Amino acid sequence: MHRPTISRRLILRGLGVSLALPLMESFARSPADTIPLRMGFTYIPNGVIMDEWRPQSVGNLKDLPNSLKPLENQKKDFQVLSGLDHTKAYANGDGGGDHARANATFLTGCQAKKTAGKDIRIGVSVDQIAAEAIGGQTKLPSLELSCDGVRRSGKCDSGYSCAYQYNLSWKTESMPMVPESNPRLVFERLFGKSNSLVDRENQLKRKALNKSILDFALEDAGHLSKRLSRVDQVKLNEYLTSVRELEKRIERDEKQWANLSDYKSPDGIPGNYKEHLRIMFDMLALAYQSDSTRISSFLMAHDGSNRSFRDIGVPEGHHSLSHHRNDPDKIKKLARIDNFYSEQFAYFLEKLSTTREIDGSRLIDHCMIIFGGGISDGNRHRHSDLPVLLAGGKAHGLSTGRHFDFGNTPMTNLYLGILGKAGVNASRVGDSTGVITNI
Amino acid sequence: MISSHQITFICGMLSFSLSFSVIAKTTNEFTFFEEQVLPLMEEYCYDCHGDGAQKGDFSIEELISLKSFDDHSKQWDRVWKNIYNRNMPPANVPQPGDEEISTLLSWVEKSAFKHDPGQIDPGHIVLRRLNRTEYENTIKELFQVTIDAENYFPADDTGYGFDTIGEVLTLSPLLMEKYLGMAEIVMEKALGPINDHAEIVRLNANEIQGGQKQGNFRVLPSRGSFNISHRSDWGGIYTVNVRASASRAGKEFAKMQVIVNGKEIKTFSIDSEYPKKSLYSFQFAANAKSSNLISLSFINDFYDPKNKNPKLRDRNLYIEEIELSLPEGVMAKFMESRRRLLEEWETKKIGDAHVINSLEKWIPRIYRMPLSPKESSRHIAFYEKMKHKGLTPIEALRQTFKAALVSPRFIFREEKKREDKNDSSYKQIDEFALAHRMSFFLWSSIPDDNLWRLAQSGKLRANLHPEFKRMLADSKIREFVNNFCGQWLQLRDLNLVNPNPEKFPKFTDQVRKSMIQETQEFFKYLLMQNLPVDLLLGANFSMINRDLAEFYGLSGEFDQKFKKVIFNGNELYQRGGLLTHGSILTITSNPTRTSPVKRGKWVLDNLLAAPPRDPPPGVAELEESRNSANNLTFREQMTQHSKNPACYSCHASMDNLGYAMDNFDAVGKWRSVADGVPVDVFGKLSSGEEFNGVDELQNFLLQNKKQSIVRCLTQKLFIYGLGRGLTYKDRPAVDEVLTSFQKDQINFADLLYKVIESKPFQFSN
């Protein structure tokens, strides 16, 4: 397939340090009807106050409820979807640990095997199903981000390994796609790091060398493999899978080469959470815009996070507040946090809607972004009727500006619908029972 | 008592379970249960969990009567853990002796777990990759360079509370990508940049003076110069690369004359026709810390407006970028490191012999075991292959090291077993594997030269204790202190909590750091002095610096250095022992207030290995606060809640442990009044034991729960050091460590050594 190459230099030049996205009229790409459809998943931790989050009535979106108010300007670009459940996030005989499960089930629709370490098992997540099918078309098959750069020590949630609570995306049933939290490193992954002339000239040569290096390492793996037991072989298989992915990536890199001479990459993790969220959204927008990837997931915070939000007058920890036991003061504060997350998401949508594709259409019309969480009522750890918002996709026939209630349907049915829109043929995602086509 | 019907059932069940066993006849087994096990249960368990009693909603009598062990393995697991960890029976009733406990546990293991407790199984450690701490330390030991692995690699997942667990240390494509990138970074730090290419100063069209900007270029349309002034920190020969281009007119190419500090260096004919550009390079000498003026002049302007070919009408000079570098200085900078690896540092002098010697010496260290000649020849062949691609010896070596650093044999910790004539199912690991287990355990790194040589000569096991003592005395032991304590006691989480600064203005980042260090220094002191484990809770001292002394309100002279402070009088009442450390008290609090629940849970999880049962699903965790609506204190709310038996049975133990610590606020400062009410620090367990305040709580734990605490610590050491979770199969090993101490007194370093000596540490399945 011939895809006219896009000069990344053109894109990035316009960005400046503030990472403002440029207009894209000048950008020679394929005709409008082949503009790719991207997908993204953004996770809200600890549930929300549903009364303040969900619109009162179904049908066209009118006045937005308080917690969605920051999204007022984007009202015509998203739909609120109710009645979606993650029944596999319930205990189902496994006891406590609803936060770990909410996190682990969100994109997989599977019941996490309860273990603190041995035999971690869940299921392949929707984004990885997509990445497997269509990820090869871009530099990175998928991009995983998180604002949680460190794991909590000691026990995670009630006997579940932290792997369940800090990863949304699973490439296999036992291998999570560990997310990146440093925006500078994300940027370097997307666009390369080196900017010296000689380095640039050496780049192709280095890629050839790296291929030899990986070949050598694979030979080592072959020798090692003979000495390993069956359980250890599983670990080595992870290695082999990852090396193969890396080889593919090196080959793809040869086709496209980003020139970054004018661009300054972000400095690292900002001290302020809001800024961190925003710069990560910037990275996502950049990744979509430059067509470096079409698939992403973003864990804004792990479920169970006890982060406090002093800037918006909530000094208490989010998780401990979420068990509000109907205390009106706590509910008010929780709604304020929900509002905060919506505000950051609005920033992202704003970016996507002011960025133009080659045919003048807006980037957001070529994206399907889920904004939601694996818990509805945090007080009771409910995993039914989840808070879910689906933004964008107008150019690809998605509805917007409405509130629709699916009434007790697996969340994974929605995922199958999304995969279908993206041209991915999948028969099942986790516990799906059918496809939601009405999106 | 058990009904006859039930006995028939147990009998049948035992015969079923024993069909796998060759040891005993069914009848013997049943007699054993009836004569040996049942009486113990009746004596120690049935008061609360039998004869109709079901405290905590649990009856062991009922459990025994249920249809199958298999379907209730979780309950049996709890029974086993509670007995094993000495959490049941509670401290206020008569305790079974060690032999009685062993009888009970063995019976559960045989019947419920189908495991023969007589068989010692060292277990299998799933192939572990290095975590990011180990990676960083290993690189430091190998190449003596410092990298920032924590910021470069994604976070390691944790299991069983630690980041050393093979099963959860997964290797995603992202991480693989990073391994390759890091290999490059490491080699740059060790050997210098590729092709001795120095750090480069780059100037683009915007940053060059003279001429005018046109697109990506800077152009001189007529005679004139581009000027660059360069501040040279290093003295030596600088290389300058100019990316230039020229439009054409007349017969000549555009000429670019290079003048540095007034002296002509070279004149280039720019043969690259605009907008095509080429690289033009020249060099100049500069003194250290000098300012140098470089000018690039266009000296042959030509204009032919009437030429038929519009492309040949105007001769202009364009430059796009200029970069400066100092190759020589760079090499010198890596002299020491190159000598260490290659015994030679000058690029020109490095030849095959240097490289081959280097590979033979260092690849085994990188792969953590000796290599066969065949294995070594692969690396040499790779080196030759790289040279055939046109690389110099040092560059080919760089690629060979990189290949080793992304090899699974470096990334994963393969362990070889000792050749053994005995045909037993498990074998001793070889001395190299043992050396690495020890060094990763104690240093989170690979062996140093000494330890490596001991393994090489096969004398490590023979010198195990002196070597252990040497390792303990090495400053790298701080890695064990930081990484083990950081996770066992959750000190690392102190970096994640955010106490409300309006409420706790004195909790500064400096205090935060000092708190972590207090506990680390305290632990390190116990370890280095080989003091009794009891002092964890029973110490009358701590390690304090000025920040903490001010924060805690201690009297005396302090500076930034930590020193041992022995508490007296009122200070002793308030401080001394882990449960009075600001670190522990802060990580177990919420941002605005204390949490007796979290504090109690911390004690149960980390000191007693008796994690509370999960809250019933769907039931909200009981969270405490001063409820503004009905103005009840948490304790009053708790009392209300206790009416709900589902919550009460667990919260009673968690919360009461926590109450006793309520003299400390959410950042560990002493208080006697909270929310205007005197703090109530009286705690009472459901089993009837009482304590008033943290002092009595620590005493209570020491006197009644010491066995649990020591066992808990031992288990954590095993988990951390082995990199796997423990099961009932590990009971004999843990017990062996504990019973090897003749006296009641168990000292820290001794305990550590016993873990290293133990079967799971020395053997592999």
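Within every chain, numbering begins at 1; the chains are lettered A, B, ... in the order of the sequence lines, protein sequences first and strands thereafter. None of the values given here were measured: they were computed from a predicted structure.
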Practice problem: May I ask you to decide if the ring planes of F412(B) and Y239(A) are parallel, tilted or perpendicular, using 30° and 60° as cut-offs? | Solution: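 The rings of F412(B) and Y239(A) stand perpendicular, inter-plane angle above 60°.
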Side chain from CB out, backbone as N, CA, C, O: work out which of these in [X] comes under 4.5 Å of a heavy atom of chain A, or both, or neither.
X	answer
L180(B)	side chain
L391(B)	side chain
L169(B)	backbone

Exercise. Test D156(B) against R151(A) for salt bridge (charged side-chain N to carboxylate O under 4.0 Å, His left out), laying out the working first.
Key: CA-CA 7 Å; D156(B) 295 312; R151(A) 299 287 182 271; over 6 Å; no
Is any side-chain heavy atom of [Y] closer than 4.5 Å to one of [X]?
X	Y	answer
Q399(B)	S212(A)	no
N306(A)	K598(B)	yes
D157(B)	P176(A)	yes
Y160(B)	T115(A)	yes
N495(B)	V150(A)	no

Quiz item: Do you see a donor-acceptor pair shorter than 3.5 Å between the side chains of Y367(B) and D220(A)?
Solution: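 There is such a pair between these side chains.
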Quiz item: Taking atom types as modelled, is there a side-chain donor on N151(B) or N182(A) under 3.5 Å from an acceptor on the other?
Solution: no
Quiz item: Is E132(A) atom CD crowded by more than 12 heavy atoms from other residues, nucleotides or ligands, each under 6.0 Å away?
Solution: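 Open.
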Quiz item: Do K178(B) and E180(A) meet the salt-bridge criterion of a basic N to acidic O distance under 4.0 Å?
Solution: yes
Practice problem: Drop me the distance from E177(B)'s CD to L140(A)'s CG, to the nearest 0.5 angstrom. | Solution: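 One finds 6.5 Å between CD of E177(B) and CG of L140(A).
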Quiz item: Of the backbone (N, CA, C, O) and the side chain (C-beta and beyond), which part of L228(A) lies under 4.5 Å from a heavy atom of chain B, both, or neither?
Solution: side chain
